[in-house]
Protein chains: 2
Amino acid sequence: MAVRAGLTTTKVVDAALELVDEQGVEALTLAAVAARTGVATPSLYKHVASLGDLRDLVGLRVLEDLTARCTETVVGRSGDEAVRALMHAFRAYVQEHPKRYAAAPMDPLHDELQRAAGLKFMELVLATLRSYGLEGSDAVHATRRLRVIVHGFASIEASGGFGLPEGLDDTYDQLVRMYLDDLRGKS
Amino acid sequence: MAVRAGLTTTKVVDAALELVDEQGVEALTLAAVAARTGVATPSLYKHVASLGDLRDLVGLRVLEDLTARCTETVVGRSGDEAVRALMHAFRAYVQEHPKRYAAAPMDPLHDELQRAAGLKFMELVLATLRSYGLEGSDAVHATRRLRVIVHGFASIEASGGFGLPEGLDDTYDQLVRMYLDDLRGKS
DNA sequence: CCCAAAAGCTAATGGCATTAGCCTTCCCAC
DNA sequence: GTGGGAAGGCTAATGCCATTAGCTTTTGGG
């Protein structure tokens, strides 16, 4: 031990995310992260509480990253254009990091650690829908419908679940249009 | 060993599915299945090739079961009513076995073992959509859109991903209506 | 310059999957 | 009926991984 490795929780999560991107969530193991960061496995416990904790931290990171990406894309736009931008940014992020998406938490609101990030994404969607003047539960339903579409498509695409890759862009465009037509039709 | 346990691959999968229903996919372990079937762990290898193989078999079972359930519900109906029935049957199945759905394969067409079952489900959807007279790729896109909606909603609901459970029936009804409106609008 | 907290390490434990090799049950051909 | 081989089970052994305990070393602030 001439010198310390200088790990931090952030660096551990960085390495974990690299691993996930390269080999998928099932390859996320403390032993692999330790090897990648040049440290013995038990040393990681100085930075994360357990493998489960690391998984949560990776999930949080992905959710925050995705939200940031979507936010960037939406700002400065409104109405249909904003919704389209949000939905396409979501898909683009997942396309760029297909393995990663499986690490994103599906129920962030029920996890103390991830709740804030989950609310942030939800508020982004609500803000994006603001100009449609939805009242009360209508806004909730519209948010859920959007989430169902983006998550449904992204999760299937990321796992290679569509039989043929042909025409996937068209399919997604149709879903976006369908969502918008519906939104306009019932406003 | 007075008498044999009389296991078969089917019984092993039955036990595995029970385990998944009760404790979730992450609890599916050869050790747990062995305990439940009253056998030593290595004995399971006489019936399944590996844990991965068992997971595939469980996934196959779920897909077949789900397809059977949807098929029963759709027969005898046509048009919008058939589509509504299919989508609601899918959701109902997943609601009845929430943990199980996480074991269903997302890309059945790319697995030799599961391919036939995947095609069967796809053909059910195509048959259900037949009366809309979709040609060529339009039928493919319509199938994908339906899948995105049912899978997206079911996976989020099954994992408790919707913050509040209130009004979920309404949200789903809206999604079904949105899908049908879109289908009619572009026929 | 000292010393306590932080960051690493090694050793040990226990769960799980998997393989090898052995024993017993069953059933079918004779 | 019966004998023998295949099928179904078992124990023992290996190896990977997570986790805990307890020790050593580095480091940064007083």
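Proteins get letters first, then strands, A, B, ... in listed order; numbering begins at 1 in each. What's counted below: heavy atoms across the whole structure, side chains too, no hydrogens, waters or symmetry copies.
Two residues are said to be in side-chain contact when any heavy atoms from C-beta on lie closer than 4.5 Å; Val150(A) and Leu86(A) fail this criterion.
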Can you tabulate the close N/O pairs, meaning under 3.5 Å, that link protein atoms to atoms of nucleotides 28-30 of chain D?
none

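Rounded to whole Å, atom C1' of dT20(D) lies 14 Å from atom CG of Leu44(A). Taking atom CG of residue Leu7(A) and atom C1' of nucleotide dA7(C), one finds them 9 Å apart after rounding to whole Å. Here dC17(D) presents its C1' atom at 15 Å from CG of Leu51(B), a figure rounded to the nearest Å. Spacing between atom CG of Asp53(A) and atom C1' of dT20(D) amounts to 16 Å, rounded to whole angstrom units. Between Lys46(A) atom NZ and dT19(D) atom P there is a gap of 16 Å when expressed in whole angstrom units.
Tested against Phe153(B), the residues Phe162(B), Tyr101(B), Tyr179(B), Phe90(B) include a single ring pair (Phe, Tyr, Trp, His ring centres under 6.0 Å) partner, Phe162(B).
Note on Ser43(B): a side-chain N or O is less than 4.0 Å away from OP1 or OP2 of dC10(D). A close approach under 4.0 Å does occur between a side-chain nitrogen or oxygen of His47(B) and OP1 or OP2 of dG9(D).
Members clustered with Leu126(B): Leu109(B), Leu119(B), Met122(B), by chain and number, using a 4.5 Å side-chain heavy-atom cutoff among hydrophobic residues.
Side-chain contact, Asp138(A) with Tyr132(A): no donor N or O sits under 3.5 Å from an acceptor N or O. With 3.5 Å as the limit, one finds no donor-acceptor pair spanning the side chains of Thr9(A) and His47(A).
In the set dT26(D), dT20(D), dG8(C), dT26(D) carries the atom at the smallest distance from any side-chain atom of Arg4(A). Across dA17(C), dC9(C), dT11(D), the shortest atom-to-atom separation from the side chain of Thr41(B) is found for dA17(C). Of the listed nucleotides (dT10(C), dT26(D), dT18(C)), dT18(C) has the atom at the smallest distance from the side chain of Tyr45(B). Here the nucleotide nearest the side chain of Pro42(A), chosen from dG9(D), dA11(C), dA7(C), is dA11(C).
Salt bridge status for Arg177(B) with Asp182(A): absent, with no side-chain N to carboxylate O gap under 4.0 Å. Ion pairing between a basic and an acidic side chain is recognised when a charged N comes within 4.0 Å of a carboxylate O; Arg91(B) and Asp169(B) show such pairing.
Looking at residues 24-37 of chain A, you'll see Thr29(A), Leu30(A), Ala31(A) sit with a heavy atom under 4.0 Å from some atom of DNA chain D.
At the heavy-atom level, Ser50(B) lies under 4.0 Å from the strands shown only through sugar-phosphate atoms.
The environment of Glu22(A) atom CD is dense: over 12 non-hydrogen atoms of other residues, nucleotides or ligands sit within 6.0 angstrom.
For the atom pair OG1 of Thr71(A) and CG of Leu66(A), the computed distance is 9.0 Å after rounding to the nearest 0.5 Å.
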